[in-house]
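Can you read through this structure? Questions will come right after.
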Amino acid sequence: MTIELERRFTAVPVEVRADGERRRIGGYAAIFNRYSQNLGGFVEVVERSAFNKSRGDGWPDVIARYNHDDNMLLGSTGGGTLHLSVDDTGLTYDVDPPSSRADIVELVARGDVRKSSFAFRVMPEGDEWGVNDQGFPTRRLHSVQLIDVAPVNTPAYTDTSASMRSLAAHVGADVEEVRKLAEADELRKFFVRTDRSGKPVKKEKRTFGPAAAAALLARRSDPWA
């Protein structure tokens, strides 16, 4: 089964960086530990571990494209014209575009293009679902395959079909049921138990994914656990 491509953006401004006579484009493609806007009944958080696999593999075949357009290639890790790194804030990129893309550099310098975006595929068991402190459905991205980064002038969250399928698998529901509840902004129903009268029952806090594995190891190492 092919894992679907997803895209997200960050509002942190993209910028032009001077290096002698060359001008590069760079910024944060993703910010860690920050809630996204409402993606259709849920919010999303990029965890600090999200890009560990791609970084460990040497960022293979990652490219930079203007507006994610195949016809607007700016650079690539394979060609040595795209450099990626991770710091405490998020995923940063720095691309040296060809002279034929001088118009994109100018658009960024003028402030017409101000946002960045990244495309990714979630690794197997690379995300987890739960609720935040406000009880709102939340998806956390723990491990993803980075596909591309992009300066964009029309940032938008694209189709969340992959997210809906991930949630359906997590809660054991039909995808169409998940879609309908998402459209009605009622995904929180999957995370709230009710008693026989139909009244909500406080749900015990559950731990998933890497956090659950860490907790299990901690219990095993504690003879009193």
- Message: Grouping I, L, V, M, F, W and Y whenever their side-chain heavy atoms are under 4.5 Å apart, do V14 and I63 come out in a common cluster?
- Response: no

- Please check if any side-chain donor atom of N153 sits under 3.5 Å from a side-chain acceptor atom of D112, or the reverse. no

- Message: Within the 4.5 Å heavy-atom criterion, are F190 and V178 side-chain neighbours or not?
- Response: yes

- Query: So how far is it from D174 CG to K180 NZ, rounded to the nearest 0.5 Å?
  - Reply: 8.5 Å

- Item | Spacing of R17 atom CZ and I25 atom CD1 [to the nearest 0.5 Å] |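 Taking CZ in R17 and CD1 in I25, the distance rounds to 10.5 Å.
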
- Does a donor on one side chain and an acceptor on the other come within less than 3.5 Å for S116 and T10?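 On atom types as modelled, these side chains do not qualify, holding no pair under 3.5 Å.
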
- Query: So, for T77 and L84, which heavy atoms are closest and what is the spacing to 0.1 Å?
  - Reply: CG2-CD1, 3.8 Å

- K53 to S143 - nearest heavy-atom pair and separation: CB-OG, 4.3 Å

- Task: Check whether any side-chain heavy atom of L167 sits under 4.5 Å from a side-chain heavy atom of L187, and report yes or no.
- Result: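 L167 reaches L187 side chain to side chain.
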
- is_close_aromatic(W129, F42), centroid dist under 6.0 Å: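 Yes, they do, as the ring centres are separated by less than 6.0 Å.
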
- Are side-chain heavy atoms of M72 and I104 found at a separation under 4.5 Å? yes

- Item | Between CG on residue D148 and OG on residue S117, distance to nearest 0.5 Å | 7.0 Å

- Transitive ILVMFWY side-chain link V95 to V105, under 4.5 Å: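 Hydrophobic grouping puts V95 with V105.
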
- Item | Residue pair R8 / S36, side-chain donor-acceptor N/O under 3.5 Å |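 Not at all, the side chains of R8 and S36 share no donor-acceptor pair under 3.5 Å.
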
- Message: Using side-chain heavy atoms (C-beta onward) and a distance below 4.5 Å, is T138 in contact with E44?
- Response: no

- Query: Got a sec: does the CZ of R114 have more than 12 other heavy atoms crowding it under 6.0 Å?
  - Reply: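 Not more than 12 within 6.0 Å, no.
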
- Given side-chain contact (heavy atoms from CB on, under 4.5 Å), test N33 with R48 step by step and report yes or no. CA-CA 7 Å; N33 298 324; R48 294 181 185 274; 3.2 Å; yes

- Check P97 against R23 and note the closest heavy-atom contact, atom names and distance.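 Reported closest heavy-atom pair: CD-O, 3.7 Å.
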
- Whether F32 and F51 hold their rings parallel, tilted or perpendicular, with breakpoints at 30° and 60°: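 If you compare the ring of F32 with that of F51, the planes turn out tilted.
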
- Can you get from L74 to I147 by hopping between Ile, Leu, Val, Met, Phe, Trp and Tyr side chains that sit under 4.5 Å apart? no

- Message: Pairing donors with acceptors under 3.5 angstrom, does anything connect the side chains of Y28 and D87?
- Response: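 There is such a pair (donor and acceptor under 3.5 Å, judged by atom type) between the side chains of Y28 and D87.
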
- Task: Run the numbers on V122 and E4 for side-chain contact (heavy atoms from CB on, under 4.5 Å), then give the verdict.
- Result: CA-CA 8 Å; V122 177; E4 290 183 77; over 6 Å; no

- Task: Indicate yes or no: at least one non-hydrogen side-chain atom of V152 is less than 4.5 angstrom from one of V113.
- Result: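 The answer is no; the side chains never approach within 4.5 Å.
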
- Task: Let me know which of R139, R165, R140 forms a salt bridge (charged side-chain N to carboxylate O under 4.0 Å, His left out) with D127.
- Result: R139

- Nearest heavy atoms of A182 and G40, plus distance in Å: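 The pair with the smallest heavy-atom distance is CB-O, 3.5 Å.
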
- Query: If you round to the nearest 0.5 Å, how far is CG of L146 from CZ of R55?
  - Reply: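 Result: 12.0 Å between the selected atoms.
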
- When every non-hydrogen atom of P137 is compared with those of F191, the smallest separation belongs to CB-CE1, 3.8 Å

- Result for side chain to side chain contact (heavy atoms under 4.5 Å, CB included) between V12 and one of I31, T92, T89 points to I31

- Message: Looking at N71, is its backbone amide N or carbonyl O close enough to the side chain of D69 to form a donor-acceptor pair, meaning the two atoms are under 3.5 Å apart?
- Response: yes

- Query: If Ile, Leu, Val, Met, Phe, Trp and Tyr residues are connected whenever their side-chain heavy atoms lie under 4.5 Å apart, and connections chain through other members, are V46 and Y35 in the same group?
  - Reply: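 Looking at the clustering, Y35 is in a separate group from V46.
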
- Message: Just by distance, no angles: are the side chains of E6 and S163 close enough, under 3.5 Å, to form a donor-acceptor pair?
- Response: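 Indeed, the side chains of E6 and S163 share at least one donor-acceptor pair under 3.5 Å.
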
- Task: Answer whether the closest heavy-atom distance between the side chains of R24 and Y93 falls below 4.5 Å.
- Result: no

- Message: Are more than 12 heavy atoms, taken from residues, nucleotides or ligands other than D61, located less than 6.0 Å from that residue's CG atom?
- Response: no

- Message: In the structure I gave you, are the side-chain heavy atoms of F136 and V43 within less than 4.5 Å of one another anywhere?
- Response: yes

- Charged N-O contact under 4.0 Å between R179 and E176: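 So R179 pairs with E176 through a salt bridge.
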
- Check for a donor-acceptor pair, side chain of N132 on one end and backbone N or O of G135 on the other, with a separation under 3.5 Å. yes

- Interatomic spacing from CG in L141 to CD in E47 - rounded to 0.5 Å: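 The CG atom of L141 sits 8.0 Å away from the CD atom of E47.
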
- Query: In this structure, are over 12 heavy atoms from other groups packed under 6.0 Å from R101 atom CZ?
  - Reply: yes

- Given the rule that I, L, V, M, F, W and Y join up when any side-chain heavy atoms are under 4.5 Å apart, are L82 and Y66 in one cluster? yes

- Query: Are the side chains of H68 and F118 in touch, meaning some heavy atoms are under 4.5 Å apart?
  - Reply: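 Result no, sub-4.5 Å side-chain heavy-atom pair not found.
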
- If you look at every heavy atom in D185 and G41, which pair is closest and at what distance? OD1-CA, 3.4 Å

